[in-house]
Amino acid sequence: MSNLEGNGKSLTQRELYTFSGFSLDVSSGLLTHSGAVVRLAPRVYQVLAYLVTNRERIVSKDEIFSAVWQDTFVEDNALSYTISQLRKTLAAYEPDTVFVETVPRRGFRFVAEVKESETALSRPNQFAEVVLERRTVSEEWIEESDDAGAMIDPGRALPARTYHPFRKPLSVALLFLLAVFVAGAGWYFTRPQPLNNQRTIAVMPLKDLSGANVDNSLTLGLTDALIRQLGRAEGLVVRPLGSTLTAAEGESDSFAIGRKLGVDAIVDWKLQPSDGENRISAQLLNVADGKQLWEQSFVFSGNDLFSIQDSVADLTARALVAHVSDEQFARLHEKMTANSEAYQAYLRGRYHWSRRNLDGFQKALAYFEQAVSLDPRFAEAHAGIADVHLGFYDYGYKPATTSVPEARAAVERALALKPTLSEAFSARASIAFLHDRDWAATEADFARAIELSPRDATPRLRFGWMLSVAGRTEEGLVQLRKAEELDPTSRIGQTNIAYNLMLSGDLQQAESVLLNVIRTAPDFSLPHWYLGTIYFLRNDVEASMNEYFTAFAIDEGNSELVDAVRAKFDSGQRDAGLREWREALESRYAEKYFPPSNIALVAAFAKDRENTMKWLRESLKVRDPWLLQILHDPEYRFLAGDQEFDALINELRSGISK
């Protein structure tokens, strides 16, 4: 074998290295495990020997290229493939031991404990597998037979990158961008072929096993960011974080969670303790047979979160997608921001926004504003600000006068910075429907949002619900079913489907769907509201009111007011109970905003025409986002033929009709 002289030790010195049951004799070129010869291709052996003899430091890619490939022109994927084969071989004997660690943007390090001793010089290794090399002017392909005798097809390789051992990196930034390319290329050669054209995956929440008590908003935010990043890969359908968290409740087995979610594969990753260093261990698991498709370990600093996320995304996409084009590769690794602090603030903001409550929205807003102060051109953070203000409005926490202008301004800033940002179009479409009641703008923006992100369930969920409210139930169900394919466990998705079925007259199926949602999410109020409507349509007033009471108590966070009203009902004082309920809400509204259509509904329960119309007029005046549902709520049918009520209904319909 050739003398491997690099920046480290010579590989011709007569030394024996032992680690985890292996013995490496660098002078003879022989690797054994428990006395049995371990077969390695020459390049794989040479990389192992170089890493072991230089184990006290991180070895750069350029150094390995120079030492192992010497004057040969070679691609980055040659090293990636070789490292992958080395890991695979060592793991076959010691599956629970990490031997080679990837240090993003810096190189590799041999991390298993090694003992060193003198040994006699012996003959070169006679057991190495044959390596067939095909050389061209600018590249070297490595073709090796694996255990099954199959050949690696060089036609599956990434676009060539010419390597010269004396060429210095153009910049640290270039190495940073290439880090993902290097990490993913090795698996790309040996990846399993996709079972079909579209693979479904779930990303498990990043688990903190380090004992450092890392903020959940960062670990879950990073998980959500990886999900969004993988969602850009054509051919992959990625379950949203909320659905994965729901499926993971009370379940620790990743494969069981994967089966619940109906996915082909699971990304499982953990933050591990490592002698004062930050380390993330990640793997991709095939749900059907339990096999590990790839495994990788990363040491990182706070500024390396980008490259960790990128590497995991790249390895996953290349393992599951038959071909990743240059355009798809660029889209997969498109950076939101170059500012690490801004990115971490954004991740935390997304986590708190996903909680969908007042405290979550308030904390999210603070983090998104921090992100844009660190990077004013951070389009996704501006879109996050828009989503928060839209949430304040849509969930009834703030009136339109204070929330909608802020949401609209943030959307326009986001689109000015990134005209292809799907979530900004989705937010603008929601404003157009709920506040402006401009159907043409709603439809155009949702169409654009779906075009830009066809595998994102959120715009389809929103659009499907709004089509249903607009009376276009067949079109609405199409969008909702497509969203269901992307996220079959979504509780809001299932509830919206039930609402659509109810409007279409299929009360039995709608009831069945809602009851199933309640079984899995008993503290979710919306299915109770819709069940109340179904029972009202069936003239089952008692069951209807019980569902309304339950829904109101969930929204309130306590049942004090509802219990008082129930007591009146139970004593036969229904009208008095409804009057006290309405008056209590009126007093509250005088002090603090909430959607006044709530008060109108309580008045409608009592068939109180004067107060029902009073609060419907107020709802119209303040652009109450919930007002549009009165187009279909049967509780208001006692007003049919009332001139003022009919005029209000016609005004609402005119804005959301074709």
Side-chain angles (χ1 to χ4, degrees), residues 1 4 8-9 11 15-59 61 64 67-68 77-103 107-117 119 125 127-131 142 144-148 150 152 182-191 268 270 272 274 279-285 291-299 311 315 319:
M1 61 181 287
L4 298 181
K9 301 176 182 178
L11 299 189
E15 291 180 310
L16 178 69
Y17 300 92
T18 59
F19 50 90
S20 301
F22 290 98
S23 293
L24 173 67
D25 188 336
V26 297
S27 57
S28 66
L30 187 66
L31 178 69
T32 61
H33 185 275
S34 302
V37 173
V38 178
R39 302 175 69 207
L40 287 177
R43 296 289 192 202
V44 178
Y45 167 80
Q46 291 166 9
V47 170
L48 169 63
Y50 196 79
L51 290 173
V52 169
T53 57
N54 291 280
R55 62 192 177 279
E56 71 278 1
R57 62 189 181 85
I58 297 169
V59 181
K61 296 176 296 178
I64 298 174
V68 175
N77 50 36
L79 175 57
S80 299
Y81 171 73
T82 303
I83 292 287
S84 174
Q85 289 297 98
L86 174 59
R87 285 177 168 140
K88 178 180 177 181
T89 301
L90 298 179
Y93 292 87
E94 298 290 338
D96 296 326
T97 302
V98 175
F99 293 95
V100 180
E101 184 173 70
T102 300
V103 183
F108 302 95
R109 178 167 58 190
F110 195 85
V111 294
E113 183 178 352
V114 177
K115 293 182 180 179
E116 182 178 346
S117 60
T119 184
N125 182 5
F127 302 96
E129 294 181 0
V130 176
V131 179
I142 297 181
E144 300 192 52
S145 60
D146 59 17
D147 295 338
I152 303 303
V182 173
W187 178 255
Y188 184 73
F189 283 101
T190 56
R191 73 195 189 283
D268 196 9
K270 301 175 178 66
Q272 302 274 21
S274 179
R279 184 196 304 266
I280 285 180
S281 298
Q283 60 181 337
L284 181 67
L285 305 172
K291 289 183 179 179
Q292 183 187 73
L293 301 181
W294 60 255
E295 181 273 340
Q296 184 70 282
S297 179
F298 309 91
V299 172
S311 294
L315 286 163

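Everything numeric in this text was worked out from a predicted model, so none of it was measured.
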Might you point out which heavy atoms bring [X] and [Y] nearest each other, and give the distance in Å?
X	Y	value
A49	L24	CA-CD2, 4.0 Å
T82	V44	CG2-CA, 3.6 Å
R57	R109	O-CG, 3.8 Å
T18	S23	CG2-OG, 3.6 Å
L285	D268	CD1-CB, 4.3 Å
V98	V111	O-CG2, 3.4 Å

Spatial distance of atom [atom1] ([X]) from atom [atom2] ([Y]) [nearest 0.5 Å]:
X	Y	atom1	atom2	value
K270	Q283	NZ	CD	5.5 Å
S34	Y93	OG	OH	9.5 Å
Q85	L48	CD	CG	13.5 Å
D25	Y17	CG	OH	10.0 Å

Report task. Give the C-alpha distance, both sets of side-chain angles, the deciding distance and a yes or no for side chain to side chain contact (heavy atoms under 4.5 Å, CB included) between V103 and F108. Result -> CA-CA 6 Å; V103 183; F108 302 95; over 6 Å; no
Report task. Could I get the full list of ring pair (Phe, Tyr, Trp, His ring centres under 6.0 Å) partners for F19, not counting sequence neighbours? Result ->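 Counting only residues at least two positions away or on another chain, F19 forms a ring pair (Phe, Tyr, Trp, His ring centres under 6.0 Å) with F22, F110.
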Report task. Check whether any side-chain heavy atom of H33 sits under 4.5 Å from a side-chain heavy atom of E94, and report yes or no. Result -> yes
Query raised in the report: Would a 4.5 Å heavy-atom cut-off, applied to side chains only, mark I64 and L51 as touching?
Result: yes
Query raised in the report: Would you say R43's side chain and V68's backbone share a donor-acceptor pair under 3.5 angstrom?
Result: yes
Query - Residues in side chain to side chain donor-acceptor pair (under 3.5 Å) contact with K291, at least two apart in sequence or another chain - result: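 Partners of K291 under the side chain to side chain donor-acceptor pair (under 3.5 Å) test: none.
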